[in-house]
Amino acid sequence: MSKFGPAQFGPDYVRAIAPYQAGKPIAEVAREFGLDEATIVKLASNENPFGLPESSRAAMLEAAADLGRYPDANGFDLKTALSQRYDVPLEWITLGNGSNDILEIAAHAFVQKGEAVVYSQYSFAVYALATQGVGGRAIVVPSVNYGHDLDAMAAAIDADTRLVYVANPNNPTGTFIPAEQVEAFLQKVPSNVIVVLDEAYNEYLAPQHQFESSAWVRKYPNLIVSRTFSKAYGLAGLRVGFAIAQPEVTDLMNRIRQPFNVNSLAQAAAVAALNDKVFLEKGAKNNAEGYKQMVAAFEELKLEYVPSFGNFVLVKVGDDEGAGARVNLALLKQGVIVRPVGAYGLPQWLRISIGLPEENAAFIEALKKSLS
């Protein structure tokens, strides 16, 4: 304590932030419960159960020869690959240290202290954290069936609103908004309000639900489309994300972005993964089959769940307020890591990532024991 009294460092809105709680690592659970790491199943963080693509591993080994030098700050090779894939100019692309970085860059670039940010109840925790981090005012719009109420979100935009976050599919609930509803929403949003369309789970959508939102960027100068390589592409540990927006927007984002925010290995791995159609197709097939495996078990156990369009399922494991924490602990003791979502206001629910068939089966067996 100083002679002037207790120190109060930093602004109040920063001290009020509750830090993001990531899924428990396997090593931590092994230590805590005296388990063998090799026997633990982790279905907590929506990671790709196949891990890193071999194409990315080979690209990283080649890039490792030059690790004594700084990465390309502008990410030319990765931006070129993304430009070709999404048919947009290079200057429309911003690279991020995961899409989490993109979400925070947007808040820092477009929101001043006291200005408003709109997002949905039960949407990704980082929207709230990014808003708090810049001293913004959160307008949290009540959910409908655990998903976004886009009409209510459009109506909630006020004169001080600068940013809107829309997740599609949404994490942690897995809900999906069809293309025509998203575009109808974009038409309602004032042109001076930035919309971040967060599509971290886009690659898991069935073909009939897929649409290319990057094409909307040409029509809506206030739109940012955010994507990631952490999920379907299997690069969660490397942290690579990107945004597509018109150059007036990307110019401001790149003024905020750290100059070397995506490292050399991550850039090389992302270029390889982007063109690895076989890996993507294998992951999508496993996810579709694993989803059926999960929901069949939930229906057998008569558990309520939210139909999901991502690589996870939100399931209600009891009626009392302590149900989620209680069942989560019982699962941990059996070496199964899932994601409690009490921090989202869903204390009776757990979010389960879809893994390999044997991982899903291990979770289902452990869940049955935990519930009994």
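Values in this document were obtained by computation on a predicted structure and should not be read as measured data.
- The existence of a salt bridge linking K219 and E183 is confirmed by a sub-4.0 Å separation between a basic side-chain nitrogen and an acidic carboxylate oxygen.
- Cluster membership check: L274 shares its hydrophobic cluster with I93, using side-chain heavy-atom separations under 4.5 Å among Ile, Leu, Val, Met, Phe, Trp and Tyr.
- Both V164 and V217 are members of a single hydrophobic cluster when ILVMFWY side chains are connected at heavy-atom separations under 4.5 Å.
- Looking at R257 and D101, no side-chain N of the basic residue comes within less than 4.0 Å of a carboxylate O on the acidic one, giving no salt bridge.
- Side-chain contact check for S56 versus L235: some heavy-atom pair is nearer than 4.5 Å.
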Q) Yes or no on side chain to side chain contact (heavy atoms under 4.5 Å, CB included) for L252 and R255, after CA distance, side-chain angles and deciding distance? A) CA-CA 5 Å; L252 291 174; R255 292 168 189 257; 4.0 Å; yes
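- Contact between H108 and G133 at its shortest, heavy atoms only, is CE1-O, 4.4 Å.
- Using modelled atom types, one side-chain atom of E359 and one backbone atom of L356 make a donor-acceptor pair closer than 3.5 Å.
- Of the N and O atoms on the side chains of Q334 and S370, at least one donor lies less than 3.5 Å from an acceptor on the other residue.
- Qualifying side chain to side chain contact (heavy atoms under 4.5 Å, CB included) partners for L67, counting only residues two or more places apart in sequence or in other chains: A64, S264, L265.
- The heavy-atom pair separating L103 from A130 by the smallest distance is O-CB, 4.2 Å.
- Cluster membership for I139 and F185, using ILVMFWY side-chain heavy atoms within less than 4.5 angstrom, is shared.
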**Q.** Residue pair E289, K292: steps toward the side chain to side chain contact (heavy atoms under 4.5 Å, CB included) verdict
**A.** CA-CA 5 Å; E289 293 173 352; K292 293 177 182 177; 5.7 Å; no
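- Classification of E28 and R31 as a salt-bridged pair fails, no side-chain N sitting under 4.0 Å from a carboxylate O.
- Counted within 6.0 Å of NZ on K316, heavy atoms from surrounding residues, nucleotides or ligands total more than 12; the atom is thus considered enclosed.
- The number of heavy-atom neighbours closer than 6.0 Å to CZ of F76, taken from other residues, nucleotides and ligands shown, is 12 or below.
- Contact record, G335 with L35: CA-CD1, 3.6 Å, taken as the closest heavy-atom pair.
- For the pair A273 and P53, the tightest heavy-atom approach, listed with the atom from each and the gap, is CB-CG, 4.3 Å.
- For the pair I224 and L197, the minimum side-chain heavy-atom distance is 4.5 Å or more.
- The closest side-chain heavy-atom distance from V341 to L350 is not below 4.5 Å.
- A side-chain donor from one of S230 and R239 sits under 3.5 Å from a side-chain acceptor of the other.
- Ring geometry, F229 versus F242: the interplanar angle falls from 30° to 60°, so the pair is classed tilted.
- Counting all heavy atoms, side chain and backbone alike, V317 lies closest to A323 at CG2-O, 3.8 Å.
- With contacts defined as side-chain heavy-atom distances shorter than 4.5 Å, the pair L371/L301 qualifies.
- Using a 4.5 Å heavy-atom cutoff, the side chains of W216 and V182 are in contact.
- A 6.0 Å sphere centred on CZ of F33 holds more than 12 heavy atoms belonging to other residues, nucleotides or ligands.
- Using a 4.5 Å heavy-atom threshold, the side chains of Q187 and Y220 count as touching.
- Within the structure, salt bridge (Lys or Arg N to Asp or Glu O under 4.0 Å) pairs that include any residue of residues 122-131 do not occur (at least two apart or interchain).
- Evaluation of the side chain to side chain donor-acceptor pair (under 3.5 Å) test over residues 76-86, restricted to residues two or more places apart or in two chains, returns Y86-R227.
- Remark: K282 is positioned above the aromatic ring of F50, its terminal NZ or CZ atom under 6.0 angstrom from the ring centre and at most 45 degrees off the axis.
- Formation of a donor-acceptor pair under 3.5 Å by the E203 side chain with backbone atoms of Y233 is not found in this model.
- Counted by atom type alone, Q293 and N360 present one or more donor-acceptor pairs between their side chains at under 3.5 Å.
- More than 12 heavy atoms of other residues, nucleotides or ligands sit less than 6.0 Å from atom CG of D320.
- For the atom pair CD1 of I244 and OG of S226, the computed distance is 9.5 Å after rounding to the nearest 0.5 Å.
- Listed by chain and number, the residues in a side chain to side chain contact (heavy atoms under 4.5 Å, CB included) with H209 are F176, L205, A206, F309 (sequence neighbours excluded).
- Of the N and O atoms on the side chains of S191 and N222, not one donor lies less than 3.5 Å from an acceptor on the other residue.
- No side-chain donor-acceptor contact under 3.5 Å links N171 to the backbone of A167.
- Under the 6.0 Å distance and 45° angle rule, R218 counts as a cation-pi partner of W92.
- The shortest distance between side-chain heavy atoms of V306 and T175 falls below 4.5 Å.
- Judged by distance alone, with hydrogens and angles left aside, the side-chain atoms of E91 form no donor-acceptor pair with the main-chain N or O of P247 at under 3.5 Å.
- Side-chain atoms of T173 come within 3.5 Å of backbone atoms of Y146 as a donor-acceptor pair (strictly under, hydrogens ignored).
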Q: Step by step, work out the side chain to side chain contact (heavy atoms under 4.5 Å, CB included) result for V166 and H148.
A: CA-CA 8 Å; V166 176; H148 292 53; 4.0 Å; yes
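- If you chain together hydrophobic residues whose side chains sit under 4.5 Å apart, L332 and V336 never meet in one group.
- Under the 3.5 Å distance criterion, the side-chain polar atoms of N170 are left unmatched by any main-chain donor or acceptor of G147.
- Residue-environment remark: NZ (K188) exceeds the threshold of 12 foreign heavy atoms within 6.0 Å.
- Judged by distance alone, with hydrogens and angles left aside, the side-chain atoms of N261 form a donor-acceptor pair with the main-chain N or O of L95 at under 3.5 Å.
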Q: Go through the steps for E299 and Y305 under the test side-chain hydrogen bond (donor to acceptor under 3.5 Å, both in side chains), then give the verdict.
A: CA-CA 9 Å; E299 289 172 359; Y305 64 92; 2.7 Å; yes
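- Contact between G310 and N287 at its shortest, heavy atoms only, is O-ND2, 3.1 Å.
- At a cut-off of 3.5 Å, with distance as the only test, no side-chain donor of T39 or D36 sits close to an acceptor on the other residue.
- A distance-only check finds a donor-acceptor pair linking the side chain of S353 to the backbone of N46 [under 3.5 Å].
- With hydrogens and angles ignored, the 3.5 Å screen pairs no side-chain donor or acceptor of T228 with any backbone N or O of A200.
- Within the 4.5 Å cutoff, no side-chain heavy atoms of R339 are placed close to those of I352.
- Residue L346 is not grouped with residue I337 when hydrophobic side chains (ILVMFWY) are merged at heavy-atom distances under 4.5 angstrom, including chains of intermediate members.
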Q | From CA spacing to verdict: side chain to side chain contact (heavy atoms under 4.5 Å, CB included), F363, L331 | A | CA-CA 8 Å; F363 156 71; L331 290 169; 4.1 Å; yes
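- Applying the side chain to side chain donor-acceptor pair (under 3.5 Å) rule to pairs touching residues 111-122 yields E115-R162, sequence neighbours excluded.
- Residue E32 places its CD atom among more than 12 non-hydrogen atoms of other residues, nucleotides or ligands, all under 6.0 Å distant.
- Atom CD of Q258 sits in a sparse spot, with 12 or fewer heavy atoms from other residues, nucleotides or ligands closer than 6.0 Å.
- Although no hydrogens or angles enter the test, the distance criterion places no donor-acceptor pair under 3.5 Å between the side chain of Y291 and the main chain of I354.
- The ring pair (Phe, Tyr, Trp, His ring centres under 6.0 Å) search around Y127 returns F124, Y165, not counting sequence neighbours.
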